[in-house]
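Report on the structure given below.
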2 protein chains.
Amino acid sequence: EAPCVSGVTLNEKEVKISIFRVLDRPGIAAKIFGSIAKNGINVDMIVQNVSKEGYTDLSFTVSIDNLEETVKVTKRIALVIGAGKVSFDKDIARVSIIGLGMQSHPGIAARMFSVLAKNRINIKMITTSEIKISTVVPKKDGKKSLRAVHKEFIE
Amino acid sequence: EAPCVSGVTLNEKEVKISIFRVLDRPGIAAKIFGSIAKNGINVDMIVQNVSKEGYTDLSFTVSIDNLEETVKVTKRIALVIGAGKVSFDKDIARVSIIGLGMQSHPGIAARMFSVLAKNRINIKMITTSEIKISTVVPKKDGKKSLRAVHKEFIE
Ligand SMILES: C[C@@H](O)[C@H](N)C(=O)O
Ligand SMILES: C[C@@H](O)[C@H](N)C(=O)O
């Protein structure tokens with residue numbers, strides 16, 4: 001079958017914010033992101049994994065220019081919903097591969113993760129869909145990741 | 001600005017597998033998904049949120065037909081990498097909205113989450129990108145979610 005990865009992207013201008021210990025019941029995600037949207041802040045990547053004992057963590061990325069305001073807004077809403085602590089991480093770069101029908105090519109994600117592993121790059125977050133596989137890596141590894149993944153899939 | 005949500009999808013044929021307490025260092029994700037790919041199993045959604053104290057959880061979805069084999073393979077690799085327990089959840093449906101440039105429309109995700117919240121539907125997992133916002137909800141709420149989100153964005 002034809003290779004289906006059409007591009008690799010690097011975003012070094014984002015920061016990640018996490019709200020820990022969020023109650024896992026309807027309305028919580030709506031409150032959090034409604035609040036952030038009301039402040040006109042664009043949210044890029046949102047990640048929520050499964051809850052444990054009724055609580056989960058929510059992480060999301062915003063442009064670095066919005067860091068201060070986003071942290072302020074997030075801490076305010078975290079208080080309202082009784083969540084745990086809010087933290088932010090500027091040490092990130094987001095490397096993604098874009099393609100079509102990637103879910104029916106087992107191993108595309110595995111290949112991307114292997115390439116990063118071979119370069120000793122730690123994967124801090126992962127989100128995937130049929131059209132895009134995104135990994136968040138340490139900021140210093142952003143360009144190295146882009147080159148390595150580009151070499152693996154595009155060249 | 002022109003509305004940018006072009007479609008809503010529902011996938012009721014997936015199951016979610018989680019590996020808890022995975023060591024957060026290079027090579028782990030590659031081992032897990034390399035192993036699954038070697039067995040010819042297609043992986044759809046992969047979610048990894050940030051680690052705490054050096055460990056994180058990895059969740060992913062596969063077609064329900066692959067459940068048994070995937071659990072077997074995953075348990076085997078979990079042992080190899082010294083991860084914690086492996087669990088699976090058949091009680092899921094994945095509802096996604098697809099569009100263009102959604103990250104520059106603050107509030108699209110918030111609107112989707114609000115619609116689900118108004119219908120008292122709990123969001124079990126979230127992954128987003130500029131082109132797709134995916135939520136995993138309880139299986140019984142799949143069709144209701146699809147209708148509600150479709151009504152909100154498409155009609
Ligand atoms: C944690 C959060 O996503 C919650 N489950 C909600 O539905 O809003
Ligand atoms: C947890 C897993 O993603 C690990 N950080 C890796 O890079 O493989």
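Letters A, B, ... mirror the listed sequences (proteins, then strands); counts begin at 1.
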Restricting to non-hydrogen atoms, name the atom on G34(A) and the atom on A110(B) that form the minimum distance, rounded to 0.1 Å. N-CB, 3.5 Å
M45(A) vs T127(B) side-chain heavy atoms within contact, under 4.5 Å: no
Could you give all pairs that pass the salt bridge (Lys or Arg N to Asp or Glu O under 4.0 Å) test and reach residues 17-44 of chain B, with sequence neighbours left out? D44(B)-R94(B)
Interface moiety of I131(A) toward chain B, non-hydrogen atoms closer than 4.5 Å: side chain
Side chain to side chain contact (heavy atoms under 4.5 Å, CB included), that's the test. Do N49(A) and M125(B) meet it? Break it down for me. CA-CA 5 Å; N49(A) 206 341; M125(B) 288 163 80; 4.3 Å; yes
Can you check whether V47(A)'s main-chain N or O pairs, donor with acceptor, with Q48(B)'s side chain at less than 3.5 Å? no
Using non-hydrogen atoms and a 4.5 Å limit, figure out which bit of S134(A) sits close to chain B: side chain, backbone, both or neither. neither
Are V136(B) and V115(B) joined in one hydrophobic group, where the rule is that I, L, V, M, F, W and Y side chains link up if heavy atoms are under 4.5 Å apart? no
Would you say that H105(B) contacts N42(A) through its side chain, given a criterion of any heavy-atom pair below 4.5 Å between the two side chains? no
Drop me the distance from T56(A)'s OG1 to I123(B)'s CD1, to the nearest 0.5 angstrom. 11.5 Å
Rounding to 0.5 Å, atoms OG (S129(A)) and CD1 (I46(B)) come to a distance of 10.5 Å
Specify which of V43(B), N39(B), D57(B) makes the most heavy-atom pairs with chain A at under 4.5 Å. D57(B)
Would you say I81(A) and L58(A) are hydrophobically clustered, going by side-chain heavy atoms of ILVMFWY under 4.5 Å? yes
Is a side-chain donor or acceptor of S114(B) paired with a backbone partner of A30(A) at a separation under 3.5 angstrom? no
Consider only side-chain heavy atoms of I, L, V, M, F, W and Y, link residues closer than 4.5 Å, and tell whether V8(A) and I92(A) are in one cluster. no
Give a yes or no on this: more than 12 heavy atoms of other residues, nucleotides or ligands lie within 6.0 Å of atom CD of E155(B). yes
At a heavy-atom separation under 4.5 Å, does K118(A) approach chain B through its side chain, its backbone, both, or neither? neither
Could you check which of I133(B), L116(B), I28(B), I41(B) has the highest count of heavy-atom pairs closer than 4.5 Å to chain A? I41(B)
Decide whether V86(B) and F20(B) are clustered together by the hydrophobic rule: side chain heavy atoms of Ile, Leu, Val, Met, Phe, Trp, Tyr closer than 4.5 Å, transitively. no
In this structure, are over 12 heavy atoms from other groups packed under 6.0 Å from K144(B) atom NZ? yes
Under a 4.5 Å heavy-atom cut-off, does chain B meet the side chain of I108(A), its backbone, both or neither? neither
Checking heavy atoms, do the side chain of I121(A), its backbone, both or neither come under 4.5 Å from chain B? backbone
Check: F33(A) and R111(B) side chains under 4.5 Å, non-hydrogen atoms: no
Residues of residues 59-70 of chain A with any heavy atom under 4.5 Å of a heavy atom in chain B: S59(A)
Under 4.5 Å heavy-atom distance to chain B, tell me which part of A29(A) shows up: side chain, backbone, both or neither. both
At a 4.5 Å cut-off on heavy atoms, which part of K124(A) comes close to chain B: side chain, backbone, both, or neither? backbone
Honestly, the part of I36(B) sitting under 4.5 Å from a heavy atom of chain A is neither
Answer with side chain, backbone, both or neither: which region of V50(A) has an atom nearer than 4.5 Å to a non-hydrogen atom of chain B? both
Applying the 4.5 Å side-chain criterion to the ILVMFWY set and letting contacts propagate, would I97(A) and L10(A) be lumped into a single cluster? yes
